[in-house]
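Small disclaimer: the values here were computed from a predicted structure and weren't measured. These numbers come from the heavy atoms of this one structure, side chains and all, not from hydrogens, waters or symmetry mates. Lettering follows sequence order; numbering is per chain, from 1.
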There are 4 protein chains.
Amino acid sequence: MVQRTPNPQRRSARSHAAILKAAYELCQQQGYARLTIEGIAARAGVGKQTIYRWWPSKGAVLLDVFVDQILARLDAADTGSPLDDLRRRVHTTAEVLADTTIGPHIASLLVDAQADPALAKELHERLVAPARAQHRELIRTAQDRGELRADIDVDLIADTLFAPLWFRLLVTKAELSPDFADSIVDTVMSGTAPAQARPRR
Amino acid sequence: MVQRTPNPQRRSARSHAAILKAAYELCQQQGYARLTIEGIAARAGVGKQTIYRWWPSKGAVLLDVFVDQILARLDAADTGSPLDDLRRRVHTTAEVLADTTIGPHIASLLVDAQADPALAKELHERLVAPARAQHRELIRTAQDRGELRADIDVDLIADTLFAPLWFRLLVTKAELSPDFADSIVDTVMSGTAPAQARPRR
Amino acid sequence: MVQRTPNPQRRSARSHAAILKAAYELCQQQGYARLTIEGIAARAGVGKQTIYRWWPSKGAVLLDVFVDQILARLDAADTGSPLDDLRRRVHTTAEVLADTTIGPHIASLLVDAQADPALAKELHERLVAPARAQHRELIRTAQDRGELRADIDVDLIADTLFAPLWFRLLVTKAELSPDFADSIVDTVMSGTAPAQARPRR
Amino acid sequence: MVQRTPNPQRRSARSHAAILKAAYELCQQQGYARLTIEGIAARAGVGKQTIYRWWPSKGAVLLDVFVDQILARLDAADTGSPLDDLRRRVHTTAEVLADTTIGPHIASLLVDAQADPALAKELHERLVAPARAQHRELIRTAQDRGELRADIDVDLIADTLFAPLWFRLLVTKAELSPDFADSIVDTVMSGTAPAQARPRR
DNA sequence: GCGTAAGCGAGACGGTACGTCTTGTCTTCTG
DNA sequence: CAGAAGACAAGACGTACCGTCTCGCTTACGC
């Protein structure tokens with residue numbers, strides 16, 4: 001897992017792409033747990049060292065595989081209403097996590113990260129933190145506009161909105177339906193709406 | 001992982017206990033990820049086969065190690081107020097997950113279970129389902145007594161209350177403090193209290 | 001190359017035999033240099049660890065493969081005349097070294113041993129020393145009987161008789177014919193015969 | 001191992017020298033077996049390709065390192081007596097082979113050559129054949145002058161004189177002392193001297 | 001005296017084999 | 001005769017070098 005920090009300028013785009021492609025395909029075929037660096041190297045037609053040269057672990061490769069496509073799918077349209085944007089965001093997050101070509105693998109990455117601080121750090125920096133930053137921004141805007149109670153901690157609202165999605169994915173494995181996403185938002189909103197504007201569905 | 005279903009009557013209590021003890025100690029020392037069946041067998045002074053005979057996987061052993069002590073610590077005192085019981089329950093769950101001799105290992109078990117359906121099933125049946133059953137019972141009682149809105153799905157309330165704890169443990173690794181537990185309960189309660197009894201702290 | 005000194009009693013005769021057989025066959029097919037522990041394990045249907053458990057190196061396996069059959073072929077008939085026995089011995093040694101299923105591999109073993117003291121030691125103890133002991137015995141007997149000059153060092157005579165065979169095998173790669181064996185013996189004998197019985201053929 | 005036959009005129013004398021120097025030093029430090037082309041290139045501050053451009057193998061580099069200094073040290077003074085020259089030649093050969101900065105490496109080269117015909121050829125042409133040519137010349141002159149029996153094959157005498165040195169270096173690893181060199185010559189001479197002039201020490 | 005072709009240091013590349021590790025099964029010996 | 005001890009087949013691990021292949025750079029011919 002040592003990195004001699006090779007020169008990124010000379011990196012072979014061909015190999016890079018082949019590795020990500022092979023990793024993605026094998027992950028879909030066999031699942032994250034059965035994936036091996038040997039297997040990726042073999043399918044990509046690449047030396048193992050080429051993988052070790054550029055990634056510190058299997059998880060890091062998979063992070064590269066998934067992070068862009070996930071962030072792209074999460075990108076919320078700006079509707080002008082931060083509350084609507086937030087609801088939309090919960091929906092798309094639920095969709096992505098429910099997608100069987102993504103959700104289980106992200107869950108596995110999360111698992112791997114429990115035992116691999118470097119992977120945990122990268123996962124956080126590239127996936128968790130950016131997503132959360134957007135959530136906090138939306139929440140803060142809503143609070144500023146008086147659409148959400150301002151006396152509740154931003155992080156707490158974010159956790160309450162998104163945690164149930166991960167909880168179902170990882171713990172109860174219950175369905176991550178759009179209805180569920182809606183229910184969460186409704187429930188949380190009704191507790192966090194300003195007193196004068198509490199929705200009463 | 002094959003089980004020849006040996007006669008449980010002839011099981012050696014001595015070995016059984018030694019295995020659980022060794023597994024617990026090694027788990028504390030090295031962490032779940034570095035734990036091996038070989039290591040457990042060696043420390044327990046037991047043949048590997050004796051472990052494979054009675055447990056299908058490393059995770060199953062660890063489940064045996066942790067499940068009883070966790071459920072014992074979660075057992076809520078019945079205060080007569082289901083809402084208070086529920087709040088207490090969130091608190092004790094947060095405490096258990098925050099306990100560094102338990103939380104990380106449960107997290108690891110959960111991770112392992114993502115790739116091992118048998119382990120997932122057992123984890124669910126012995127830990128997740130019992131705890132959730134109690135939660136649902138408390139919620140339903142509170143709804144019956146009119147202390148919680150009855151038009152919100154029991155599971156949804158349960159998810160919203162407990163998911164943030166797991167989310168912080170697994171994803172954001174933020175602190176699982178009693179205050180956080182309180183905040184969750186407050187927030188969720190304010191959204192799920194009946195209209196006429198909404199708390200307004 | 002570490003040996004945990006496993007219990008030889010529990011050694012699998014099946015695997016042991018399969019490994020030696022595979023090593024022999026691959027050695028004949030590809031030659032010693034292209035031989036690989038991986039290859040032997042694969043052909044023998046054996047785990048690599050099983051080879052590493054019982055042999056410290058590739059050369060050690062090959063030594064086991066060849067040592068018995070070589071010593072068997074060298075075993076000289078006792079004709080009653082130590083000089084004749086000695087001559088016969090030079091002949092059989094030349095034959096064995098000239099045998100393309102043995103000579104090149106022994107040469108390679110010798111080469112490997114130059115860089116591997118453990119292998120060198122074993123090669124010496126199991127092959128070189130036993131053969132030399134027999135040579136010295138024959139020479140000493142001949143000296144006692146007055147058939148060889150007694151004022152010449154036993155080792156020197158042994159070296160002079162057998163060294164040219166190895167020299168041709170390793171250095172000049174010239175033919176190791178029976179005639180050559182005879183010529184060596186004749187030449188050396190004519191210098192080492194007692195004055196009164198010098199052959200003059 | 002392919003050579004695009006580069007232009008020797010443009011060869012960098014600097015690199016050439018650095019490579020030979022690095023190879024020599026590393027060979028002394030680590031021994032021939034642990035020597036690598038990568039290591040030589042690194043120590044010489046040279047690209048690997050520059051080595052592969054001018055030498056087909058590690059052995060070829062080492063041959064260049066040793067061949068000149070060996071031949072220089074073997075160069076016999078012409079005393080007028082071919083027999084004395086021959087004896088002197090056996091002495092210097094023993095000295096060179098006994099030199100721990102040369103002998104073991106030459107032995108290793110010989111070993112490598114067993115599996116590398118190109119190296120074997122070059123080793124023969126540049127080291128073995130020239131030395132042998134001189135030996136044969138001396139022997140033939142001695143025979144012409146009647147100082148050695150003319151009915152014994154030149155090659156046979158050469159083998160008998162020099163083979164024991166290599167034998168001790170490669171096989172028995174016994175001492176290559178001047179006394180040993182003398183003993184060989186004495187013994188062989190006493191068998192190959194003409195009948196009328198046989199020495200009788 | 002200028003451009004171009006080569007050699008050069010550097011090092012990424014696809015590979016092979018290494019020796020170690022762990023898994024889950026099978027075998028043997030022992031209390 | 002149950003179980004500890006541990007050998008076994010399998011195969012992934014991460015490392016070391018292999019020999020080939022670009023890269024820019026610099027050197028020195030030949031036009």
Side-chain angles (χ1 to χ4, degrees), chain A residues 1-2 4 6-12 14-16 18 34-39 41-42 44-54 56-58, chain B residues 1-2 4 6-7 10-12 14-15 18 34-39 41-42 44-53 56-58, chain C residues 1-2 4 6-12 14-16 18 34-39 41-42 44-54 56-58, chain D residues 1-2 4 6-12 14-16 18 34-39 41-42 44-54 56-58:
Chain A
M1 296 262 190
V2 179
R4 268 186 36 259
N7 183 347
Q9 309 234 329
R10 313 194 55 179
R11 181 169 196 171
S12 157
R14 209 186 155 289
S15 299
H16 188 173
R34 317 199 54 160
L35 203 61
T36 60
I37 297 234
E38 302 231 341
V46 139
K48 280 171 30 171
Q49 198 67 74
T50 301
I51 300 182
Y52 285 112
R53 190 160 17 237
W54 301 110
S57 63
K58 168 175 97 168
Chain B
M1 296 258 189
V2 178
R4 270 185 33 255
N7 181 346
R10 315 190 74 167
R11 179 168 195 173
S12 157
R14 207 187 155 290
S15 298
R34 318 198 53 165
L35 205 59
T36 58
I37 298 241
E38 301 237 344
V46 139
K48 280 165 42 171
Q49 194 61 223
T50 304
I51 299 182
Y52 282 111
R53 185 154 28 233
S57 65
K58 169 174 97 167
Chain C
M1 296 258 189
V2 178
R4 267 187 37 257
N7 183 347
Q9 308 235 329
R10 314 194 54 177
R11 181 169 196 171
S12 157
R14 209 185 153 291
S15 298
H16 188 173
R34 319 198 51 166
L35 204 60
T36 283
I37 298 235
E38 300 230 346
V46 138
K48 283 171 28 171
Q49 193 75 149
T50 301
I51 299 182
Y52 284 112
R53 187 160 20 235
W54 301 110
S57 64
K58 168 174 97 168
Chain D
M1 296 257 192
V2 178
R4 269 186 34 256
N7 182 349
Q9 309 235 325
R10 313 193 63 173
R11 178 169 196 173
S12 158
R14 208 186 155 292
S15 299
H16 187 173
R34 318 197 53 163
L35 204 59
T36 61
I37 298 237
E38 301 231 344
V46 139
K48 283 168 34 171
Q49 193 66 227
T50 302
I51 300 183
Y52 283 111
R53 184 155 27 232
W54 301 110
S57 64
K58 165 175 100 169

- Query: Of all residues at least two apart in sequence or in a different chain, which pass the side-chain hydrogen bond (donor to acceptor under 3.5 Å, both in side chains) check with C:T36?
  - Reply: none
Distances under 3.5 Å only, N/O to N/O: pair up the protein atoms with those of nucleotides 26-31 of chain E.
residue : atom : partner : partner atom : Å
E:dC26  : N4   : B:Q49   : NE2          : 2.4
E:dT27  : O2   : C:R10   : NH2          : 2.8
E:dT28  : O2   : C:R10   : NH2          : 3.4

- Task: Whole angstrom is fine here: how far is it from CD in D:E38 over to C1' in E:dG15?
- Result: 13 Å
- Message: Between C1' on E:dA17 and NZ on C:K58, what's the gap in Å once rounded to a whole number?
- Response: 10 Å
- Task: With sequence neighbours left out, write down each residue that passes side chain to side chain contact (heavy atoms under 4.5 Å, CB included) with D:I37, or none if nothing qualifies.
- Result: D:I51, D:Y52, D:K58
- Query: Rounded to the Å, how far apart are C:I51 CD1 and E:dA17 C1'?
  - Reply: 13 Å
- Query: Choosing from E:dC13, F:dC13, E:dG19, which nucleotide comes nearest the side chain of A:T50?
  - Reply: E:dC13
- Side-chain N,O (C:T36) to OP1/OP2 (E:dA17) below 4.0 Å: yes
- More 5' along DNA chain E: D:R14 or A:V46, using each one's nearest nucleotide? D:R14
- Query: Toward the 5' end of DNA chain F, which comes first, B:G47 or C:A41, by nearest nucleotide?
  - Reply: B:G47
- Message: If I compare all heavy atoms of C:A41 with all of C:G47, which pair ends up nearest, and what's the gap?
- Response: CB-C, 4.2 Å
- Message: Suppose we screen for side-chain hydrogen bond (donor to acceptor under 3.5 Å, both in side chains). Which residues come up paired with A:E38, at least two apart in sequence or across chains?
- Response: A:K48
- Using the test side chain to side chain contact (heavy atoms under 4.5 Å, CB included), find all partners of A:R11 that sit at least two apart in sequence or belong to another chain. A:H16, A:W54, A:W55
- Task: Not counting sequence neighbours, which residues clear side chain to side chain contact (heavy atoms under 4.5 Å, CB included) with C:A44? List them please.
- Result: C:A18, C:I19, C:A22, C:V46
- Given F:dG3, is OP1 or OP2 found less than 4.0 Å from the side-chain N or O atoms of B:S15? no
- Task: Measure the distance from OH on B:Y52 to P on F:dG6 and round it to the nearest whole Å.
- Result: 17 Å
- Task: Could you tell me whether the phosphate oxygens of E:dC13, OP1 or OP2, come under 4.0 Å of any side-chain nitrogen or oxygen in A:R53?
- Result: yes
- Query: Quick one: which of E:dA12, E:dC13, E:dC8 gets closest to the side chain of A:P6?
  - Reply: E:dA12
- Rounded off to whole Å, could you give me the CD1-to-P distance for the C:I37 and F:dA10 pair? 17 Å
- Position toward the 5' end of DNA chain F (nearest nucleotide), C:R11 or D:G39: C:R11
- Task: Whole angstrom is fine here: how far is it from CG in B:L35 over to C1' in E:dC21?
- Result: 15 Å
